[in-house]
Amino acid sequence: MSETSPKLRAELAGIPTYKPGKPAAGGGPAAYKLSSNENPYPPLPGVLESVTAAASSFNRYPDMACTGLMNELSDRFGVPLTDLATGTGSVGVAQQLLQATAGPGDEVIYAWRSFEAYPIITQISGATAVQVPLTPGDVHDLDAMADAITERTRLIFVCNPNNPTGTVVRRAELERFLDRVPADVLVVLDEAYREFIRDIEVPDGVELYRRRPNVCVLRTFSKAYGLAGLRVGFAIAHEPVAAALRKTAVPFGVSQLAQDAAIASLRAEDELLGRVGSLVGERHRVLDALRGQGWTVPETQANFVWLRLGERTLDFAAAAEQHGVVVRPFAGEGARITVGETEANDIFLKVAEAFRKEL
């Protein structure tokens with residue numbers, strides 16, 4: 001046998017591996033998973049029933065056009081069907097966007113640290129990543145991002161709220177930034193945590209899309225809606241971009257179970273808002289407690305908090321796991337902790353208090 005391997009794309013060399021949140025230990029003390037920003041509540045009313053019904057026919061292909069879900073989204077957001085596209089979670093749609101806009105020689109701008117999938121999907125596309133550091137307050141530096149635009153820039157990600165810091169950019173600064181972006185550069189407003197925002201100065205990306213042809217909005221059913229395991233997200237963008245997304249979609253990528261569950265979730269919005277309200281209340285409690293312990297924590301509008309721990313990050317993650325909660329460490333930088341069940345949050349706060357006293 002020849003030892004020569006098949007030739008693979010050079011862009012794949014050195015691609016960082018996406019690190020999912022560590023699961024809670026099956027037999028050890030870690031009982032709560034606060035590492036993946038999942039919704040701790042069970043599926044919304046009607047969702048299990050819709051999934052059960054769809055399961056009886058999963059020997060058949062799903063509706064590739066996601067007709068029912070697309071119609072539901074069109075009605076819910078007041079946008080034409082031509083301006084919608086679905087995918088396997090918002091990260092799947094983000095990868096489709098890069099396939100449609102950027103390749104070798106092109107540049108993609110995003111803040112750093114931000115969603116860790118951005119460098120992965122950018123490198124897969126063959127484009128060059130331009131990472132712009134967050135401000136000292138862990139917020140997008142939109143002026144620096146605008147300054148980084150060149151004639152090679154094809155796409156800009158703005159994660160709002162930002163993952164993993166939870167910080168937001170507000171209306172005036174975002175509008176000012178968008179005014180500086182050339183009309184032929186696509187700005188992607190990644191709003192995976194939109195439902196958790198309570199700051200009235202943070203704009204709804206859908207309203208910005210209505211007035212700006214180069215704005216695309218990403219949303220997901222994985223977080224607030226609690227469908228992380230079914231992988232369904234969507235984009236709202238003007239027709240040329242949305243059409244390109246439908247062309248680059250994996251055929252039959254969104255299962256019928258996911259489509260039906262998403263429709264049922266949209267129809268249970270009153271219950272959803274109640275659950276999100278409870279999580280936001282817990283978020284306030286956790287933030288207040290951490291600040292009372294002496295931590296400097298950025299204001300978060302998502303369902304998680306960010307502790308900048310530097311070289312002690314992995315030590316903190318180990319201490320949390322020993323006491324029964326798993327958090328998401330970013331070595332040398334900080335830890336992201338999901339706001340979960342009250343019991344889990346209480347354990348995390350006790351760990352944080354003890355750890356703070358050791359610093």
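Count residues from 1 along the sequence.
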**Student:** Is a salt bridge present between Arg113 and Glu333, judged by a nitrogen-to-oxygen distance below 4.0 Å?
**Tutor:** yes

**Student:** Indicate yes or no: does Lys350 engage Glu353 in a salt bridge with an N to O separation below 4.0 Å.
**Tutor:** no

**Student:** To the nearest 0.5 Å, tell me how far Asp315 CG sits from Leu309 CG.
**Tutor:** 9.5 Å

**Student:** Please determine if Arg152 and Glu107 form a salt bridge, counting it only when a charged side-chain N lies under 4.0 Å from a carboxylate O.
**Tutor:** yes

**Student:** Any sub-3.5 Å donor-acceptor pair from Arg291's side-chain atoms to Thr296's backbone N or O?
**Tutor:** no

**Student:** Should Val108 and Phe115 be regarded as members of a common hydrophobic cluster, given that ILVMFWY residues are connected when their side-chain heavy atoms come within less than 4.5 Å of each other, either directly or indirectly?
**Tutor:** yes

**Student:** Between Phe77 and Phe234, does the ring centre distance come in under 6.0 Å?
**Tutor:** yes

**Student:** Under 6.0 Å from the CZ atom of Arg211, do we count more than 12 heavy atoms belonging to anything else shown?
**Tutor:** yes

**Student:** Thinking salt bridges, do Lys223 and Glu38 make one under a 4.0 Å N-O criterion?
**Tutor:** no

**Student:** Before giving the answer on side-chain contact (heavy atoms from CB on, under 4.5 Å), spell out for Asn39 and Leu279 the whole-Å C-alpha distance, their side-chain angles and the decisive distance to 0.1 Å.
**Tutor:** CA-CA 9 Å; Asn39 190 322; Leu279 287 173; 4.2 Å; yes

**Student:** Got a donor-acceptor contact below 3.5 angstrom from the Ser278 side chain to the Gly274 backbone?
**Tutor:** yes

**Student:** Taking atom CG of Leu208 and atom CD1 of Ile236, what is their separation to the nearest 0.5 Å?
**Tutor:** 12.0 Å

**Student:** Between Asn160 and Tyr193, does any side-chain donor sit less than 3.5 Å from a side-chain acceptor?
**Tutor:** no

**Student:** Thinking salt bridges, do Asp184 and Arg154 make one under a 4.0 Å N-O criterion?
**Tutor:** no

**Student:** What verdict does the ring pair (Phe, Tyr, Trp, His ring centres under 6.0 Å) test give for Tyr32 and Phe348, after you've listed the backbone C-alpha separation in whole Å, the side-chain angles of each residue and the deciding distance to 0.1 Å?
**Tutor:** CA-CA 10 Å; Tyr32 294 103; Phe348 157 61; over 10 Å; no

**Student:** Under a plain distance cut-off of 3.5 Å, with no hydrogens placed, do Ser36 and Arg328 share a side-chain donor-acceptor pair?
**Tutor:** no

**Student:** Check Val339, Val325, Ile337 against Asn345 for a side chain to side chain contact (heavy atoms under 4.5 Å, CB included) and give me the one that passes.
**Tutor:** Val339

**Student:** Are side-chain N/O atoms of Asp138 and Thr167 paired as donor and acceptor at under 3.5 Å?
**Tutor:** no

**Student:** Salt bridge between Arg176 and Asp179, side-chain N to carboxylate O under 4.0 Å?
**Tutor:** no

**Student:** Between Arg76 and Glu72, does at least one N-O distance fall below 4.0 Å, as a salt bridge requires?
**Tutor:** no

**Student:** Starting from the C-alpha separation in whole Å, work towards a yes-or-no answer on salt bridge (charged side-chain N to carboxylate O under 4.0 Å, His left out) for Arg219 and Asp190.
**Tutor:** CA-CA 7 Å; Arg219 297 281 179 90; Asp190 189 343; over 6 Å; no

**Student:** Does Asp288 pair with Arg283 as a salt bridge, N-O distance under 4.0 Å?
**Tutor:** no

**Student:** More than 12 non-hydrogen atoms from neighbouring residues, nucleotides or ligands closer than 6.0 Å to CZ on Phe252, yes or no?
**Tutor:** yes

**Student:** Could you tell me whether Arg212 and Glu207 have a side-chain N and a carboxylate O separated by less than 4.0 Å?
**Tutor:** no

**Student:** Does the plane of the ring in Phe316 sit parallel, tilted or perpendicular to the ring in Trp295? Use 30° and 60° as the thresholds.
**Tutor:** perpendicular

